[in-house]
Protein chains: 2
Amino acid sequence: MKQVLLVEDDERLSSLICQYLTENDFIVHRLSSGENLLQHVQTSPPDILLLDVMLPGENGFSLCQKVRPYYPGPLLFMTAKNDDFDQVFGLEIGADDYIIKPVEPRVLLARINALLRRNTDSVASNNSLQRLQYGQLTIDRSTRSAHLKGEDVQLTSHEFDMLWKLAENPSVLVDRTTLYREVIGREYDGLDRSADVRISRLRKKLQDNSQHPYRIKTIWGKGFFFVADAWDD
Amino acid sequence: MKQVLLVEDDERLSSLICQYLTENDFIVHRLSSGENLLQHVQTSPPDILLLDVMLPGENGFSLCQKVRPYYPGPLLFMTAKNDDFDQVFGLEIGADDYIIKPVEPRVLLARINALLRRNTDSVASNNSLQRLQYGQLTIDRSTRSAHLKGEDVQLTSHEFDMLWKLAENPSVLVDRTTLYREVIGREYDGLDRSADVRISRLRKKLQDNSQHPYRIKTIWGKGFFFVADAWDD
DNA sequence: GTCATAGGGTTACAATTATTCACAATTAGA
DNA sequence: TCTAATTGTGAATAATTGTAACCCTATGAC
């Protein structure tokens with residue numbers, strides 16, 4: 001659940017927004033002025049910051065400039081003043097969006113989601129090929145973790161490397177020579193069995209049955225391959 | 001210079017926008033319908049895409065859905081129709097902003113810049129970043145302090161250096177040699193355990209479980225890496 | 001079909017590497 | 001200087017991985 005920090009002095013509007021966002025699975029923290037904003041942002045940073053422009057004491061623009069060095073996430077201004085100059089100014093000092101009141105809750109929500117989507121996208125887009133999903137099995141390279149039927153599968157480093165090598169190209173044979181060279185990191189001498197041992201341990205953790213494996217299959221005398229769609233029991 | 005792709009059938013508005021953006025150091029490409037949009041985006045992807053909603057032939061929403069799989073960058077809708085439902089819909093199908101006509105050129109420019117800033121920020125400037133935020137964990141280089149779940153985490157100087165080194169490139173392996181050379185300040189002799197001890201102390205303070213760590217993970221025989229997403233276990 | 005054989009699956013245990021603890025050494029502050 | 005906090009050291013413990021042995025199964029010759 002994403003955390004929203006709302007700074008708004010109009011109690012009626014604040015509680016309206018709070019209610020609507022809470023209904024839509026956000027955790028909302030409310031401040032009625034910018035007094036403790038900096039401290040709040042530093043100790044429990046929100047996922048998105050909603051700032052009213054006209055506030056008692058320090059105004060939203062000034063707060064934005066103060067808080068920006070400590071808060072890199074999305075920041076959204078709300079204001080009753082429909083003034084192009086202010087809008088341009090707000091965006092230029094580092095806001096990501098600028099909404100003119102009256103705020104329609106559905107629109108606010110859509111804009112919040114658009115900002116959050118973009119923000120998590122950019123983190124995720126570096127790892128475009130970082131996550132594989134096959135039925136109930138998920139393999140995430142950025143965290144080097146695997147999940148099966150919603151449960152965390154505790155794989156060791158080498159087990160994970162082996163699984164990734166096989167799973168990144170489902171149905172494609174990975175022969176012993178390749179496996180040793182690219183995963184184990186040495187040449188295959190024709191006698192070494194450590195790849196087999198790794199496969200064996202992997203199968204066990206993936207709840208695969210070696211007599212009738214469905215995830216990692218063996219091609220006798222050649223190597224192994226990963227099966228993408230498996231019918232889970 | 002950034003490239004803008006503008007899809008707008010109103011010739012007067014299109015040339016007005018084109019002129020204003022060109023004056024402000026953009027390269028503008030214009031299309032008067034969505035006919036060749038997909039091809040254009042694939043052959044010369046713009047830095048930002050401006051889409052009119054009401055277009056001859058295929059409308060902007062439909063174009064957005066078609067083009068999104070091939071264009072991950074910022075996308076902005078412009079429309080004369082001031083309808084909340086449309087706005088919400090546009091944002092939900094993947095737009096980053098939605099502007100109601102009449103379009104004020106200065107406002108359009110400010111919004112374009114806000115989107116581009118956000119887009120390049122997250123990718124490019126991690127080396128100049130003073131503050132990292134991963135879920136409930138923030139790490140602030142300017143004050144050399146870290147916060148977890150709103151609480152101050154008391155890190156020693158070396159613990160902070162180690163955490164920063166790992167966290168500035170999440171999911172990237174930092175091997176022992178690098179760790180000793182760049183954080184501890186001496187060469188790794190193959191026996192020294194002080195990096196492990198620091199990691200161990202760090203994990204404890206980050207409330208990480210070394211049996212099943214989620215923040216700082218070990219790659220056996222190689223080194224360590226930092227995990228950005230906290231929702232793992 | 002039987003059999004011999006080559007290769008794969010599994011296991012116990014050894015080797016390697018990581019984690020942690022108590023305490024020693026070092027450093028920073030008063 | 002003294003004191004407290006920080007950091008390193010070495011040893012005990014735990015986890016991971018490789019090795020060698022055993023057994024099993026697929027394959028092909030007969």
Side-chain angles (χ1 to χ4, degrees), chain A residues 144-146 152-166 173-181 183-226, chain B residues 144-146 152-163 165-166 173-181 183-225:
Chain A
R144 292 176 65 87
S145 65
D152 198 50
V153 183
Q154 293 291 337
L155 297 178
T156 68
S157 275
H158 285 187
E159 283 162 3
F160 183 87
D161 292 338
M162 178 132 285
L163 176 58
W164 186 269
K165 181 69 199 167
L166 292 167
L173 170 75
V174 185
D175 63 76
R176 282 195 138 65
T177 309
T178 309
L179 221 48
Y180 273 83
R181 195 172 292 162
V183 182
I184 299 190
R186 58 173 180 263
E187 288 300 306
Y188 180 50
D189 65 357
L191 294 167
D192 196 317
R193 309 298 313 285
S194 54
D196 302 79
V197 176
R198 287 193 195 178
I199 294 280
S200 168
R201 287 167 178 158
L202 235 186
R203 281 182 173 145
K204 188 181 277 183
K205 291 192 182 180
L206 296 178
Q207 301 172 23
D208 211 350
N209 175 355
S210 65
Q211 251 97 58
H212 302 288
Y214 67 99
R215 282 293 190 199
I216 299 171
K217 293 200 178 182
T218 307
I219 298 180
W220 213 81
K222 298 221 165 60
F224 304 92
F225 71 96
F226 183 89
Chain B
R144 292 178 64 84
S145 65
D152 196 49
V153 182
Q154 292 292 338
L155 296 178
T156 69
S157 182
H158 282 190
E159 282 162 2
F160 184 87
D161 292 339
M162 179 137 285
L163 177 58
K165 180 72 199 165
L166 291 167
L173 170 74
V174 185
D175 62 73
R176 282 195 137 69
T177 310
T178 308
L179 221 48
Y180 273 85
R181 196 171 290 162
V183 182
I184 298 189
R186 57 172 182 264
E187 288 300 305
Y188 179 52
D189 65 358
L191 295 166
D192 198 307
R193 315 295 316 151
S194 54
D196 302 75
V197 176
R198 286 192 196 177
I199 294 280
S200 169
R201 288 169 178 155
L202 239 184
R203 280 181 174 146
K204 188 179 278 182
K205 291 190 182 180
L206 296 178
Q207 300 172 24
D208 211 350
N209 173 355
S210 66
Q211 252 100 53
H212 306 294
Y214 70 99
R215 281 294 191 198
I216 299 173
K217 290 198 177 182
T218 307
I219 299 181
W220 207 83
K222 296 211 171 70
F224 304 91
F225 72 100

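Both backbone and side-chain heavy atoms feed into the values below; hydrogens, waters and symmetry mates do not. Chain naming here is simple, since letters A, B, ... match the order of the sequence lines and numbering starts at 1 in each.
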- Message: Output the rounded distance in Å from CG (A:Leu155) to P (D:dA15).
- Response: 16 Å
- Item | Gap between atoms NZ and C1', on A:Lys204 and C:dG8 respectively (whole Å) | 16 Å
- Message: Holding to ring pair (Phe, Tyr, Trp, His ring centres under 6.0 Å), I want the full list of residues that pass it with A:Tyr180, two or more places apart in sequence or in another chain.
- Response: A:Tyr188
- side-chain contact (heavy atoms from CB on, under 4.5 Å) partners for A:Asp208, two or more places apart: A:Arg203, A:Pro213, A:Tyr214, A:Arg215, A:Ile216
- Looking at residues at least two apart in the chain, or sitting in another chain, which of them share a salt bridge (Lys or Arg N to Asp or Glu O under 4.0 Å) with B:Asp152? none
- Query: With sequence neighbours left out, what residues match B:Lys204 under side-chain hydrogen bond (donor to acceptor under 3.5 Å, both in side chains)?
  - Reply: none
- To 10°, what angle do the rotation axes through the five end pairs on each side of the helix from C:dG1-D:dC30 to C:dA30-D:dT1 form? 30°
- Message: Counting only side-chain nitrogens and oxygens, does B:Ser200 get under 4.0 Å of the OP1 or OP2 atom of C:dA18?
- Response: no
- Item | Proximal nucleotide (of D:dT16, C:dT20, D:dT7) relative to the B:Asp196 side chain | C:dT20
- d(CZ, B:Arg144; P, D:dT6) in whole Å: 13 Å
- Look at the side-chain N and O atoms of B:Thr218 and state whether any lies under 4.0 Å from the OP1 or OP2 oxygen of C:dT17. no
- Note on the structure: From the candidates C:dT11, D:dT17, C:dT19, the one with an atom nearest any side-chain atom of B:Phe224 is C:dT19
- Message: Would you say A:Ser157 places a side-chain N or O within less than 4.0 Å of OP1 or OP2 belonging to D:dT16?
- Response: no
Could you write out each protein N or O paired with an N or O of nucleotides 1-3 of chain C at a distance under 3.5 Å?
none

- Query: Who pairs with B:Lys222 by side-chain hydrogen bond (donor to acceptor under 3.5 Å, both in side chains), at least two apart in sequence or on another chain?
  - Reply: none
- Task: Could you run through nucleotides 18-30 of chain D and give me one letter per nucleotide, 5' to 3': B if any protein heavy atom sits under 4.0 Å from the base, S if only the sugar-phosphate is that close, - if neither?
- Result: BBBB----BS---
- Rounded to whole angstroms, how far apart are NZ on A:Lys205 and P on D:dT16? 6 Å
- Item | Shortest non-hydrogen contact from A:Gln154 toward A:Lys205 | O-NZ, 2.9 Å
- Item | Contacts of B:Arg181 that satisfy side-chain contact (heavy atoms from CB on, under 4.5 Å) - sequence neighbours left out | B:Thr177, B:Glu187
- Message: With heavy-atom distances below 4.5 Å as the criterion, would you say the side chains of A:Leu166 and A:Ile199 are in contact?
- Response: yes
- Message: Please report the distance, rounded to the nearest Å, between CG in A:Leu191 and C1' in C:dA6.
- Response: 12 Å
- Item | Listed partners of A:Arg198 passing salt bridge (Lys or Arg N to Asp or Glu O under 4.0 Å), at least two apart | none
- Item | Length of the CZ-P vector between A:Arg176 and C:dA6, whole Å | 16 Å
- Query: Atom CG of B:Asn209 and atom P of D:dA15: how far apart are they, to the nearest Å?
  - Reply: 11 Å
- For B:Arg144, what residues pass the side-chain hydrogen bond (donor to acceptor under 3.5 Å, both in side chains) criterion, not counting sequence neighbours? B:Ser157, B:Asp161
- Task: Under the side-chain contact (heavy atoms from CB on, under 4.5 Å) rule, collect the residues that match up with A:Thr178, sequence neighbours excluded.
- Result: A:Lys165, A:Val174, A:Asp175, A:Glu182
- Rounded to whole Å, NZ of B:Lys222 lies from P of D:dT16 at a distance of 15 Å
- Query: Is the shortest heavy-atom distance from the side chain of A:Leu155 to the side chain of A:Leu202 under 4.5 Å?
  - Reply: yes
